[in-house]
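Comments concern the structure below.
Counting convention: from 1, in listed order, for ligands and their atoms alike. Numbering of residues begins at 1 and proceeds along the displayed sequence.
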Amino acid sequence: MSTIVTFGTFDLFHIGHLRVLERAAELGTHLTVGISTDELNEAKKGYAPVYSYEERSRIVAALGIVDEVFAEETLEQKGDYLIQHGADALVMGSDWEGRFDEFRSICEVVYLPRTPGISTSALRRVLSSDIDEL
Ligand code: CTP
């Protein structure tokens, strides 16, 4: 078995999220996804996700290509999470290119091209501008 681990918020689940998880799943036999908690998001971005951790993790776990999800509570423990979950490879979208190279001492590190034209931040902007127009 080869275990792939990836991380993300996966708020307002969209096609870019699905595509990165599909490609990550193809790289191994077991896909584990660390999903950032609401508290981590607030600390990191200054606002809460639209969907709660409970909702985001249930959506990701229900995809049929994800074997396991866990809560990413702090950014500082990525290395520990990789070891705990027996990662053979860490897979991230190319927006993180180079930022996780330090973990090459633990496992392989793979960056996959982002799907163009979609992001949770863009969706948040579209939704809030639509609401303002009502
Ligand atoms: N991702 C992707 N293509 C996109 C958007 C995201 O491949 N268009 C990948 C990211 O690179 C990451 C994973 O999906 O590996 C989770 O990303 P996340 O930060 O939760 O989603 P974003 O849409 O990038 O959210 P934000 O706009 O808040 O940064």
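- Within a 4.0 Å radius of atom 11 (O) of ligand 1, the protein contributes at least one heavy atom.
- Looking at atom 1 (N) of ligand 1, its nearest protein heavy atom turns out to be Arg114 NH1, 3.9 Å.
- Of all heavy-atom pairs between Ser2 and Leu27, the closest is OG-O, 4.2 Å.
- For the pair Lys45 and ligand 1, a heavy-atom separation below 4.0 Å is found.
- Residues Glu22 and Leu112 have side chains not in contact (no heavy-atom distance under 4.5 Å, counting atoms from C-beta outward).
- Atoms of ligand 1 found under 4.0 Å from any heavy atom of His17, numbered from 1 in the order shown, are 14 (O), 16 (C), 17 (O), 18 (P), 20 (O), 21 (O), 22 (P), 23 (O).
- Residue contact check: Asp95 has heavy atoms under 4.0 Å from atoms 10 (C), 11 (O) of ligand 1.
- Side-chain atoms of Ser52 and Glu54 form no donor-acceptor pair, as typed in the model, at a separation below 3.5 Å.
- Contacts of Asp88 classified as salt bridge (Lys or Arg N to Asp or Glu O under 4.0 Å), with partners at least two apart in sequence or in another chain: none.
- Summary of contacts: the protein heavy atom closest to atom 20 (O) of ligand 1 is Phe10 N, 2.9 Å.
- Using a 4.0 Å cut-off to heavy atoms of Ser119, the atoms of ligand 1 that qualify are 23 (O), 27 (O).
- When only interatomic distances are considered, the shortest N/O to N/O separation between Ala122 and ligand 1 does not fall below 3.5 Å.
- Looking only at heavy atoms of the protein, atom 3 (N) of ligand 1 is closest to Thr115 N, 3.1 Å.
- Side-chain contact between Arg104 and Leu90 is absent, with no heavy atoms from C-beta onward closer than 4.5 Å.
- Against a heavy-atom cut-off of under 4.0 Å, Thr9 is close to the following atoms of ligand 1: 20 (O).
- Classified by interplanar angle (parallel below 30°, tilted 30° to 60°, perpendicular above 60°), the ring pair His85/Tyr81 is tilted.
- In terms of protein heavy-atom proximity, atom 9 (C) of ligand 1 is closest to Val20 CG1, 3.8 Å.
- Residues Ser57 and Ile35 share a closest heavy-atom pair of CA-CD1, 3.5 Å.
- Nearest to atom 27 (O) of ligand 1 among the protein's heavy atoms is Ser121 OG, 2.4 Å.
- Distances below 4.0 Å separate heavy atoms of Ile118 from the following atoms of ligand 1: 4 (C), 5 (C), 8 (N).
- Residue contacts with ligand 1 for His14 involve side-chain atoms from C-beta outward but no N, CA, C or O (heavy atoms, distance under 4.0 Å).
- By the 4.0 Å N-to-carboxylate-O rule, Lys78 lies too far from Glu102 to be salt-bridged with it.
- Arg23 pairs by the salt bridge (Lys or Arg N to Asp or Glu O under 4.0 Å) definition with nothing, not counting sequence neighbours.
- Using cut-offs of 30° and 60° for the angle between ring planes, the Phe70 and Phe7 rings count as perpendicular.
- Annotation: Ser94 places no N or O atom under 3.5 Å from an N or O atom of ligand 1; distance criterion only.
- Taking 4.5 Å as the limit, every side-chain heavy atom of Leu123 sits out of range of all side-chain heavy atoms of Phe13.
- Proximity to Gly93 (heavy-atom distance under 4.0 Å) selects the following atoms of ligand 1: 11 (O), 15 (O).
- The shell of residues lying under 4.0 angstrom from ligand 1, judged by heavy atoms, excludes Arg124.
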